[in-house]
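Structure record follows, encoded as structure tokens.
A note on names: the letters A, B, ... follow the listed sequences, proteins ahead of strands, and every chain is numbered from 1.
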Amino acid sequence: MSTVILLAITGVGLGAIYFLVACGLSLIYGLMGVLNFAHGVFLAFGAFLGFEIANAMGATTWAGFAVSLLVGALAGAVFAALTERILVQRLYNRHIEQVLVTVGLALAAVALFDGIWGTDPRFPSAPAWLNETTNIAGANVPNDRFVAILAAVAVLVAIVLFLKKTRYGMIIRAGVENRSMVTALGIDVRTAFTLVFTIGGAAAGLGGVLASHYFGYVSPLLGQTLLIFAFIVTVIGGLGSLLGAAIASVLVALLQQFANFYLSGTGDFAVVILLAVVLLTRPSGLMGRKA
Amino acid sequence: MTTMNTRGTDETSAEKSVEKKVDEMRTAARPPLDTAPAGDLRSRALGLIVPLGLVVLMACLPLLNLSLPGVLPGATYTPGTLHMLALAMVMAGAALSYHLLFGVAGLLSFGHALYFAIGAYGLGIVMEHLELGLVPAALLIVVAAVVLSTLLGAISLQVTGIPFAMVTLAFAQAGFVLVRKDPGRLTGGEEGLRLPTDYVPDWLVGVADTRNLYWLALAGLVLAFVVVTWVQRSRAGHVAEAVRENELRVQVLGMRPFLVKLAIFVAASVIAAAMGMVHLLLNSGAVPHITSAEFTISLLLMVVLGGVGSRWGALVGAFVYVILSQRLAVLAQLPAIENLPAVLRIPLSEPMFILGTIFVLVVMFLPGGLAGLGLRVRALFSRRSAADLDEQARTPEALVQEDDQQR
Amino acid sequence: MTSATRPDPVTTETVTDAVLSVRGLQAHVAGQQVVEHVDLDVAAAGVTALLGRNGVGKTSTIKAIMGLISRSGTVTLDGQDIASLPTHKVAQLGVGYVPEDREVFSGLTVSENLRIAERPGHDHRYGLVYELFPELKERAGQAAGTLSGGQQQMVSLARALLNDNRVLLVDEPTKGLAPRLVQEVGKVLARAAEAVPVLLVEQNLQVVRELAHHAVVLTGGRSVHHGPAAEFLNDPEATQRLLGVHTGAEGAA
């Protein structure tokens with residue numbers, strides 16, 4: 001029983017990290033039709049800057065940890081906003097080329113991170129409590145899982161509130177449905193593009209710092225590995241659906257954890273099989289609009 | 001009657017225009033007739049002489065003592081240079097297969113590496129564990145590649161556009177995980193697989209025989225080029241191009257775009273698998289990297305760099321990519337670079353940073369890639385190629401249009 | 001009796017006080033030319049009808065004016081060339097758009113559909129909108145996707161009427177509506193046309209007859225006829241040839 005609980009909570013924690021990457025991907029794809037291959041480097045950049053600032057401030061202090069989360073989110077947001085403004089926006093409405101540009105940026109950025117931080121993983125320190133476990137019904141659950149879950153829930157609530165309560169949120173929701181009608185109402189939808197990139201980048205940057213604690217290391221390729229699972233999550237959840245991304249994140253991560261434990265390390269295959277099943281039965285994903 | 005809805009009477013005219021379009025499409029889907037006018041004969045002859053000349057030149061390189069300082073690591077007969085050129089030719093063959101997918105059928109795949117890896121790993125595993133000779137093992141792998149690509153292609157092609165890209169990525173990722181996990185000690189995990197030399201003819205083993213491997217790679221590339229040209233000019237190739245432009249119209253014609261796309265997908269996968277086999281022999285082994293998304297991306301990079309939709313572009317793109325990625329690493333160790341301040345030294349000593357940046361610049365400022373650039377330069381000198389320019393220099397976006405019309 | 005040997009293309013009359021003028025408009029979709037050469041003027045008052053058989057490029061003309069598909073030629077709004085402006089700038093200059101299939105945001109509520117249409121720096125005529133469509137006030141909190149076709153058309157019209165526009169482009173507003181609703185939409189358009197000139201694509205010739213002062217007729221992506229709407233509709237030869245319908249003798253009455 002305690003194993004099941006441990007796997008479940010660890011799975012939800014991993015799902016939380018997937019969600020932090022996938023929510024931005026899904027919003028960006030939904031609004032702009034762009035598959036953002038650079039999302040992983042937003043994450044890695046956030047993770048590295050978070051790592052550096054935490055070390056500078058004292059990685060084992062709570063203040064250092066909090067500031068590293070903040071800096072990670074900020075770094076991801078700034079990197080993403082610049083990417084959108086400088087590269088993606090110039091190829092307005094040319095989706096394949098926009099994808100290619102993000103591919104090129106991802107290659108260049110990973111190589112640059114290699115040059116700056118080296119290819120070997122770095123190991124972040126954290127406040128002592130994060131490395132301890134909490135006993136829940138007999139299962140010793142590492143505390144960093146709870147922080148990841150808490151952060152993802154906070155991000156989910158914040159994005160939902162933003163989408164429901166603000167004018168820009170309304171524009172983004174409308175744009176995901178029908179971008180050209182939004183522009184026909186006199187709205188410069190490009191501002192919304194920059195905004196979703198920024199929001200997505202912030203979530204990914206935050207996810208980067210949390211992922212570095214969850215997995216115990218930072219490396220230039222950290223983002224690329226997570227990116228592929230985040231892609232799978234967004235397809236399963238339904239491209240453009242935030243709620244779909246949230247549900248699919250948890251589903252995929254739980255499946256992965258349980259399959260890894262009970263079916264001798266076949267988690268990644270189980271995920272790919274789930275993807276194939278979803279595509280064959282519901283090609284638009286769990287919560288996607290009918291194509 | 002005072003009012004009448006015009007819709008009823010319009011149906012017939014709409015039908016007529018569909019019929020007309022169907023006729024146009026039939027003509028377009030037919031391979032071009034072989035009744036070339038006399039004027040074209042010269043350019044057709046030229047179109048044969050140039051590739052043949054290139055093949056002969058490439059075949060002679062191991063026997064010559066040519067140097068191209070900066071580009072080639074040494075004289076053309078040295079094993080180092082031959083190995084690099086052979087690698088470039090293998091990658092060019094793989095890039096051609098990717099061109100078939102992306103440039104001809106408009107399928108943006110992020111999982112093409114999987115089939116390359118099936119060739120490389122599959123051949124090694126089959127030789128080692130089934131104790132088969134090179135040729136029967138290779139034939140078995142071709143069959144395996146056909147079966148697997150038909151299966152996975154049929155699933156992936158349930159979706160189009162960006163979702164297709166993601167699905168292919170996911171399948172390849174599963175392969176990547178499998179290769180690294182090393183199930184049953186088949187793949188060698190992170191270390192990679194060693195070529196089981198017992199089952200390979202002696203003339204293809206060892207550094208001294210780089211020349212033979214070089215010729216093998218050249219033969220593979222020529223074969224890939226011929227097959228790609230043949231597929232492209234076949235009925236399936238023409239229909240695939242039509243599907244890329246307007247899927248609905250092809251459906252009106254009663255053709256099944258799905259089957260055509262699947263056929264192209266399988267053809268591209270088998271060519272990739274064949275190049276993967278040569279890669280295994282050339283490098284005396286296989287490493288997990290050739291299964292990764294990065295490997296597929298490097299194929300995409302070659303195709304885009306050379307010019308989407310152009311076979312020669314894919315070739316040139318692959319050579320530029322391989323030579324740059326190998327030579328830039330050497331460049332980074334030059335004292336001139338090592339003594340630079342960190343702001344300049346770090347980016348300049350990362351070949352992938354430079355390649356990624358070049359790629360971004362090509363996508364943004366050079367639609368049509370190197371092939372497009374070549375045509376533009378030629379257009380300055382000849383009027384005829386200026387007319388070709390519109391045809392040839394297609395942007396990737398013109399190849400895959402699916403979202404915006406639906407929105 | 002109008003001559004049966006009228007040359008083709010014909011331009012019988014150009015409007016002198018046009019609010020929106022289109023000259024030599026061309027447009028492409030996916031590399032195919034869908035508008036080849038369109039000249040048209042939208043009179044400064046009343047309804048100008050854009051007519052033609054299915055597939056001649058009426059909707060594409062409207063989309064090209066909005067900048068929703070790639071276009072060339074000149075489009076002037078109050079003397080200002082807007083042919084090179086992006087869609088949102090065209091809309092901001094006062095071009096209201098009611099698309100063919102309503103295109104309400106189905107996941108947004110009715111009131112959100114209206115609020116997203118509010119253009120900053122303009123008065124928003126909620127008074128007029130709720131007077132014309134009292135139902136929308138009652139259903140303010142309902143998701144627009146759950147409305148009936150007629151109600152969605154109201155939302156779409158309301159979005160365009162909310163702002164103080166210089167001209168409205170209305171594309172087949174009665175398509176697929178029950179006869180009662182067709183009449184209602186006609187009334188709304190008549191009311192709207194009192195305040196703002198309208199370019200109307202409409203297949204229902206009864207509606208056109210009631211509303212339109214001027215008519216522009218397209219064939220094969222080209223404008224081939226300009227003139228008073230009544231005169232055109234009363235010409236059985238021209239309507240037969242250009243629209244494929246008999247308007248009959250009693251239509252002339």
Side-chain angles (χ1 to χ4, degrees), chain A residues 29 32-35 37 86-87 90-91 93-116 175 177-181 221 224-225 227-229 231-232 234-236 239 265-269 271-273 275-277 279-280 283-285 288 291, chain B residues 102 106 108 110 152 155-156 158-163 165-167 169-174 176-178 181 183 292-294 297-298 300-301 304 308 342 345-364 367 395-404 406-407:
Chain A
Y29 184 83
M32 306 171 65
V34 175
L35 178 63
F37 266 83
I86 296 172
L87 298 176
R90 300 207 177 177
L91 299 166
N93 256 352
R94 289 151 63 188
H95 299 159
I96 296 297
E97 272 144 302
Q98 287 175 329
V99 174
L100 296 183
V101 154
T102 63
V103 168
L105 177 66
L107 281 179
V110 168
L112 194 61
F113 297 162
D114 276 346
I116 298 171
E177 257 188 57
N178 184 338
R179 193 176 50 222
S180 58
M181 193 60 220
L221 284 173
Q224 304 315 102
T225 319
L227 185 65
I228 289 170
F229 285 104
F231 280 154
I232 295 175
T234 48
V235 175
I236 291 179
L239 289 158
T266 51
D268 296 350
F269 294 103
V271 170
V272 175
I273 289 166
L275 175 75
V277 169
L279 277 171
L280 288 172
S284 52
Chain B
F102 184 47
L108 179 59
F110 280 100
L152 295 185
I155 297 177
S156 315
Q158 298 297 313
V159 285
T160 54
I162 301 293
M166 292 195 187
V167 177
L169 175 67
F171 284 139
Q173 189 61 21
F176 184 50
V177 172
L178 187 71
K181 282 237 167 85
S292 66
E294 284 88 58
I297 285 171
S298 64
L300 171 67
L301 205 135
V304 172
V308 179
R345 180 178 44 88
I346 291 174
L348 285 179
S349 54
E350 291 292 337
M352 283 320 290
F353 176 80
I354 299 174
L355 276 166
T357 308
I358 292 175
F359 180 71
V360 168
L361 293 176
V362 166
V363 171
M364 296 196 63
T395 59
E397 189 59 24
L399 294 172
V400 190
Q401 291 175 324
E402 79 290 345
D403 293 286
D404 256 17
Q406 286 167 14
R407 274 158 192 268

- Query: Most heavy-atom pairs under 4.5 angstrom with chain A, which of I155(B), I297(B), L152(B)?
  - Reply: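 Winner by heavy-atom pair count: I297(B).
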Can you tell me how far [atom2] of [Y] sits from [atom1] of [X], rounded to the nearest 0.5 angstrom?
| X | Y | atom1 | atom2 | result |
| --- | --- | --- | --- | --- |
| I228(A) | L169(B) | CD1 | CG | 5.0 Å |
| L221(A) | E294(B) | CG | CD | 6.0 Å |
| D268(A) | L178(B) | CG | CG | 10.5 Å |
| L107(A) | E350(B) | CG | CD | 12.0 Å |

- Query: If we only count heavy atoms from C-beta on, is the M364(B) to V101(A) side-chain gap below 4.5 Å?
  - Reply: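 Sidechains of V101(A) and M364(B): in contact.
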So for [X], is it side chain, backbone, both, or neither that comes closer than 4.5 Å to the heavy atoms of chain A?
| X | answer |
| --- | --- |
| F110(B) | side chain |
| T357(B) | both |
| F353(B) | both |
| V363(B) | both |

For [X] and [Y], which heavy atoms make the closest approach, and how far apart are they?
| X | Y | value |
| --- | --- | --- |
| V99(A) | L108(B) | CG1-CD2, 4.5 Å |
| P163(B) | L239(A) | CG-CD1, 3.7 Å |
| V272(A) | A174(B) | CG2-CB, 3.7 Å |
| A165(B) | L35(A) | CB-CD2, 4.3 Å |
| I162(B) | G33(A) | CG1-O, 4.3 Å |

Side chain from CB out, backbone as N, CA, C, O: work out which of these in [X] comes under 4.5 Å of a heavy atom of chain B, or both, or neither.
| X | value |
| --- | --- |
| L87(A) | both |
| F229(A) | neither |
| T234(A) | side chain |
| F231(A) | both |
| L91(A) | side chain |
| L112(A) | both |

- Task: Report the residues that fulfil side chain to side chain donor-acceptor pair (under 3.5 Å) with D114(A), sequence neighbours left out, ordered by chain and then residue number.
- Result: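 Result, side chain to side chain donor-acceptor pair (under 3.5 Å) vs D114(A): none returned.
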